[in-house]
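The block underneath contains the structure these notes are about, expressed in structure tokens.
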Amino acid sequence: MKTLAVSIVELPGIGTAVVGVVGTDLHILGGDVPEVAVGRVLGHEAVGTVVEIGSGIGGLAKGDRVLASCISACGIWRYCRQGTYGQCLGGGGWILGHLVDGVQAEYARIPFADLSTYKLPERVTDETAVLLADILPTSYEVGVLNGDVRPGDTVVVVGAGPIGLAAVLTARLYSPARIVMVDKAESRLQAARTIGADDTILVGTDDPLGTVQAMTGGLGADVVIEAVGTPQTFELCTTLVRPGGHIANVGVHGKPATLHLEDLWSRDVTITTGLVDTYSTPQLLDMLVAGQLDVGHLVTHRFELGDFAEAYDVFADPARTGALKVVLSR
């Protein structure tokens, strides 16, 4: 891998350093991301303290408390120059816990650290800051912005995991008329209502299509955000969107999904996919500091660093455990 500079981030550092477990980690363990080598250290969400700095680093100092972004950016080639850091051509992109060892460890190597870390103000806690590593920018960029959420829209989010819940929080910034959450776990639907979903649909009990049609006078949703990553949930999204609407796929897919063009070709539907670029991280950090994003309900389970087996078991079974965001610290 071509690397301009390297820093070492210690976990923990100043305060209590935190790493997160995310749905992508479960997809990796399930075989949905086959390029991940056996034995790879997982994890791409961390807050820690800089303890060593590579020779090419200019913006960091030992002792800095930083957020390590899930996306690494070289800052040189075409995609980085246009802010599309997820497609970095210089050895970056999504590499932590994917193509190089990740951050679920006491120490982690952070490539391109000047562009891939963010200094944190004292008033932002480690636990809050770690949500900016992945789930908040992912839901905001790939879900809300790609989906073109506008004032007065009806927004349906399919999947009430951490990404889906973060999509509710960030969609609220654009004043939609209604946000509807769809999930198969009542505990997660309750969490969605707590953070601002106006309506919820319990899969297996409620009829998602019929309910959304009834809410919208038969039109369907203006924006549908797919936040699970299965063929079934993607195909459900294509039935819920109105003519002229947007489907923003956020979920990580490991299997093919059928695209029913026989139904969609004449309906002017826009479908977007995307890997987060994290260009919005500074803006989201400012909103956290200003109190415009209330993320206090997202972290539900906390473990000591090293208790990864238990943390993964809890996160993988939310219907039983009620888990939303799981973090580990020491």
[Y] and [X], any side-chain heavy atoms less than 4.5 Å apart:
| X | Y | result |
| --- | --- | --- |
| Val47 | Tyr118 | no |
| Glu45 | Lys325 | yes |
| Ile225 | Val250 | yes |
| Thr216 | Arg242 | no |
| Val276 | Pro137 | yes |
| Pro231 | Thr258 | no |
| Glu141 | Asn146 | no |
| Leu165 | Leu298 | yes |

Please find the pair of heavy atoms, one from [X] and one from [Y], that lie closest to each other, and give the distance.
| X | Y | answer |
| --- | --- | --- |
| Ala316 | Leu26 | CA-CD1, 3.9 Å |
| Ala171 | Ile179 | CB-CD1, 3.9 Å |
| Cys237 | Ile247 | O-CD1, 3.9 Å |
| Ser69 | Leu96 | O-CD1, 3.5 Å |
| Gly102 | Ala108 | O-CB, 3.9 Å |
| Ser139 | Ala166 | OG-CB, 3.2 Å |

Counting only N and O atoms by type, is there a donor-acceptor contact under 3.5 Å from the side chain of [X] to the main-chain atoms of [Y]?
| X | Y | result |
| --- | --- | --- |
| Arg188 | Asp183 | no |
| Asp207 | Gly210 | yes |
| Thr278 | Thr281 | no |
| Asp286 | Leu288 | no |
| Asp25 | Val21 | no |
| Asp222 | Gly245 | no |
| Arg78 | Leu89 | no |
| Glu226 | Val158 | no |
| Asp317 | Val314 | no |
| Thr117 | Asp114 | no |

Does a side-chain N-to-carboxylate-O contact under 4.0 Å join Arg302 and Glu127?
yes

Using a strict cut-off of less than 4.0 Å between a Lys/Arg side-chain nitrogen and an Asp/Glu carboxylate oxygen, indicate whether Arg150 and Asp153 qualify as a salt bridge.
no

Partner of Thr84 under side chain to side chain donor-acceptor pair (under 3.5 Å), picked from Gln82, Gln87, Arg81, is Gln82

Which of Asp198, Asp199, Thr200 passes side chain to side chain donor-acceptor pair (under 3.5 Å) with Arg193? Answer is Thr200

[X] side, atom [atom1]; [Y] side, atom [atom2] - distance, nearest 0.5 Å:
| X | Y | atom1 | atom2 | result |
| --- | --- | --- | --- | --- |
| Leu136 | Leu293 | CG | CG | 6.5 Å |
| Leu169 | Ile195 | CG | CD1 | 4.0 Å |
| Cys70 | His98 | SG | NE2 | 12.0 Å |
| Phe303 | Tyr312 | CZ | OH | 12.0 Å |
| Leu264 | Glu262 | CG | CD | 7.5 Å |

Tell me, yes or no, whether the heavy-atom count around Glu122 atom CD, taken from other residues, nucleotides or ligands under 6.0 Å, exceeds 12.
no

More than 12 non-hydrogen atoms from neighbouring residues, nucleotides or ligands closer than 6.0 Å to OH on Tyr79, yes or no?
no

Show your working on side-chain contact (heavy atoms from CB on, under 4.5 Å) between Val182 and Val156 and close with a plain yes or no.
CA-CA 7 Å; Val182 181; Val156 175; 3.8 Å; yes

Identify the residue among Val155, Leu173, Thr170 that makes a side-chain contact (heavy atoms from CB on, under 4.5 Å) with Val144.
Thr170

Is it true that the side chains of Glu52 and Tyr107 contain a donor and an acceptor less than 3.5 Å apart?
no

How about Asp134 and His44: does a side-chain donor come under 3.5 Å of a side-chain acceptor?
yes

Would a hydrophobic clustering, with Ile, Leu, Val, Met, Phe, Trp and Tyr connected at side-chain separations under 4.5 Å, put [X] with [Y]?
| X | Y | value |
| --- | --- | --- |
| Ile163 | Val33 | yes |
| Val212 | Leu219 | no |
| Phe234 | Val224 | yes |
| Leu115 | Ile76 | no |
| Phe308 | Ile28 | yes |

What's the verdict on side-chain contact (heavy atoms from CB on, under 4.5 Å) for Thr239 and Asp263, showing C-alpha distance, side-chain angles and the deciding distance?
CA-CA 9 Å; Thr239 69; Asp263 298 324; over 6 Å; no

